[in-house]
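Note: hydrogens, waters and symmetry copies are ignored here, and every other heavy atom, side chains too, is used. For reference, positions follow the sequence shown, starting with 1.
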Amino acid sequence: MLHNIWGHGTYISPETNQRLSSVAGVVDRVNKLISIRPLHTRYTGEIGDLVIGRITEVSQKRWKVDINSRQDAVLLLSSINLPGGVQRRKTEADELQMRKFFSEGDLLVAEVRETFQDGSFSLHIRSLKYGKLRNGSFVIVPPALVQRCKTHFHTLPCGVNLTLGLNGYIWVSKHTTQTVEELAIYSNENEEIDQENREAIARVCNSISALSRHFMCINDKMIMLAYEASLNFPVKDLLKLDVMEVITSEVSEKMILLKAGMRR
């Protein structure tokens with residue numbers, strides 16, 4: 001381990017001369033650099049990160065968005081798609097109807113376009129996979145627990161869609177087979193969700209909460225393991241502490257078996 005480079009969140013113990021963590025968090029490895037990301041901290045992101053946010057203010061040619069960082073992010077009017085996918089410069093008429101696109105309290109998924117020295121971010125949603133979120137439920141976890149993946153949009157085998165924001169905001173929604181029409185990307189109308197889908201969404205949300213409470217890493221595979229372990233309990237009991245303990249213990253055992261199988 002002497003060839004590793006030690007970063008933030010580590011120190012050498014004067015008594016044992018061993019490298020220890022100075023904070024409770026998640027080990028972050030980038031090549032030889034090893035650092036610790038604290039669990040209880042604000043989101044500090046990078047360009048290209050996928051984030052979920054909530055509109056807090058509508059101002060001149062921009063929206064302010066809460067993304068769990070030290071300051072609200074900024075979404076410029078020029079950084080969104082117009083209804084119908086029309087490609088043109090934004091006019092005063094577009095500025096007057098900004099609340100038809102996003103209003104206070106709306107949830108959206110976006111990508112970090114730029115970071116600033118004061119810790120704020122600029123976002124963009126110039127893609128049809130980004131935009132307003134509907135037909136689902138919102139979950140908050142520590143940002144350090146959400147693992148970076150090739151994609152943060154997942155369709156789980158249980159029949160729900162999952163969007164993992166690297167800022168610790170997660171969206172679990174009804175699965176739709178048809179693509180969203182370009183004219184409806186800013187619609188506030190939720191589709192009707194039947195009882196089976198409601199229970200599936202609630203079970204996935206409670207499984208995520210169980211993983212978060214026991215500080216386990218969160219990705220689509222871990223969530224499905226927790227979901228499968230939760231099937232032995234009714235949805236309403238999943239937030240009880242003893243039930244959470246049983247679910248996360250079963251997930252840990254399955255992960256140990258999977259890692260042992262991969263080593264073989």
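With respect to Arg70 and Asp118, no salt bridge is recorded, no charged nitrogen being found less than 4.0 Å from a carboxylate O.
The closest donor-acceptor contact from the side chain of Ser79 to the backbone of Leu75 lies at 3.5 Å or more, if one exists at all. In this structure, Ser209 contributes its side chain and Cys205 its backbone to a donor-acceptor pair below 3.5 Å. The backbone N or O of Ala210 lies less than 3.5 Å from a partner atom in the side chain of His214, making a donor-acceptor pair. Judged purely by atom type and a 3.5 angstrom limit, Asn135 uses its side chain to pair as donor or acceptor with the backbone of Glu191. A donor-acceptor pair is defined here as one N or O able to donate and one able to accept, closer than 3.5 Å; such a pair exists between the side chain of Ser207 and the backbone of Arg203. Side-chain N or O atoms of His154 include none that pairs as donor or acceptor with a backbone N or O of Leu156 at under 3.5 Å. Using modelled atom types, no side-chain atom of Lys254 and backbone atom of Ala229 make a donor-acceptor pair closer than 3.5 Å. His152 contributes a side-chain N or O that, together with a main-chain N or O of Leu164, makes up a donor-acceptor pair within less than 3.5 Å. Checked by atom type and distance alone, the side chain of Gln18 never pairs as donor or acceptor with a backbone atom of Ile12 at under 3.5 Å. Proximity of a side-chain donor or acceptor of Ser120 to a complementary backbone N or O of Phe116 within less than 3.5 Å is not detected.
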What's the verdict on side chain to side chain contact (heavy atoms under 4.5 Å, CB included) for Val246 and Ser249, showing C-alpha distance, side-chain angles and the deciding distance?
-> CA-CA 5 Å; Val246 172; Ser249 297; 5.9 Å; no
Please lay out, stage by stage, how Trp171 and Asn161 fare under the test side chain to side chain contact (heavy atoms under 4.5 Å, CB included).
-> CA-CA 8 Å; Trp171 184 251; Asn161 287 346; over 6 Å; no
Test side chain to side chain contact (heavy atoms under 4.5 Å, CB included) on Ser22 and Ile36 and set out the steps.
-> CA-CA 8 Å; Ser22 60; Ile36 307 296; over 6 Å; no
Please walk me through it: do Ser13 and Glu15 pass side-chain hydrogen bond (donor to acceptor under 3.5 Å, both in side chains)?
-> CA-CA 5 Å; Ser13 171; Glu15 291 84 9; 3.1 Å; yes
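For the pair Val58 and Ser103, the tightest heavy-atom approach, listed with the atom from each and the gap, is CG2-CA, 4.3 Å. Considering every non-hydrogen atom in both Asp94 and Phe101, the closest pair reads O-CE1, 4.0 Å. When all heavy atoms of Asp194 and Asn197 are compared, the pair lying nearest together is OD1-N, 2.8 Å.
In terms of hydrophobic clustering, with Ile, Leu, Val, Met, Phe, Trp and Tyr side chains grouped at heavy-atom distances under 4.5 Å, Ile125 and Phe138 are assigned to a common cluster. Linking ILVMFWY side-chain heavy atoms closer than 4.5 Å, directly or via other members, places Met222 and Val139 in a single hydrophobic cluster. Follow the hydrophobic side-chain contacts under 4.5 Å out from Leu166 and you reach Leu162 in the same cluster.
Interatomic distance, CD of Glu250 versus OG of Ser230, reported as 9.5 Å (0.5 Å rounding). The CG atom of Asn167 lies 8.0 Å from the OG atom of Ser69; values are rounded to the nearest 0.5 Å. Rounded to the nearest 0.5 angstrom, Gln60 CD and Leu76 CG are separated by 11.5 Å. Within the model, atoms CD of Gln147 and NZ of Lys221 stand 10.0 Å from one another, a figure rounded to the nearest 0.5 Å. How far OH of Tyr227 is from CD1 of Ile208: 12.0 Å, rounded to the nearest 0.5 Å.
The number of heavy atoms from other shown groups lying within 6.0 Å of CD (Glu92) does not exceed 12. No more than 12 heavy atoms of other residues, nucleotides or ligands sit less than 6.0 Å from atom CZ of Arg213. Atom CG of Asn31 sits in a sparse spot, with 12 or fewer heavy atoms from other residues, nucleotides or ligands closer than 6.0 Å.
Of the candidates Asn206, Val235, Val172, Val172 is the only one forming a side chain to side chain contact (heavy atoms under 4.5 Å, CB included) with Ile201. The salt bridge (charged side-chain N to carboxylate O under 4.0 Å, His left out) test with Asp106 singles out one residue from Arg134, Lys132, Arg99, and that residue is Lys132. Of the listed residues (Val51, Leu123, Thr163), just one forms a side chain to side chain contact (heavy atoms under 4.5 Å, CB included) with Val109, and that residue is Thr163. Checked options Leu107, Leu133, Asp72; the residue passing with Arg54 is Leu107 (criterion: side chain to side chain contact (heavy atoms under 4.5 Å, CB included)).
Side-chain contact between Leu77 and Arg62 is absent, with no heavy atoms from C-beta onward closer than 4.5 Å. Residues Lys64 and Ile55 have side chains not in contact (no heavy-atom distance under 4.5 Å, counting atoms from C-beta outward).
Ring geometry for Phe102 versus Trp63: interplanar angle over 60°, hence perpendicular rather than tilted (30 to 60°).
For an aromatic pair to be called close, the ring centres must be under 6.0 Å apart, and Tyr169 with Tyr43 fails this.
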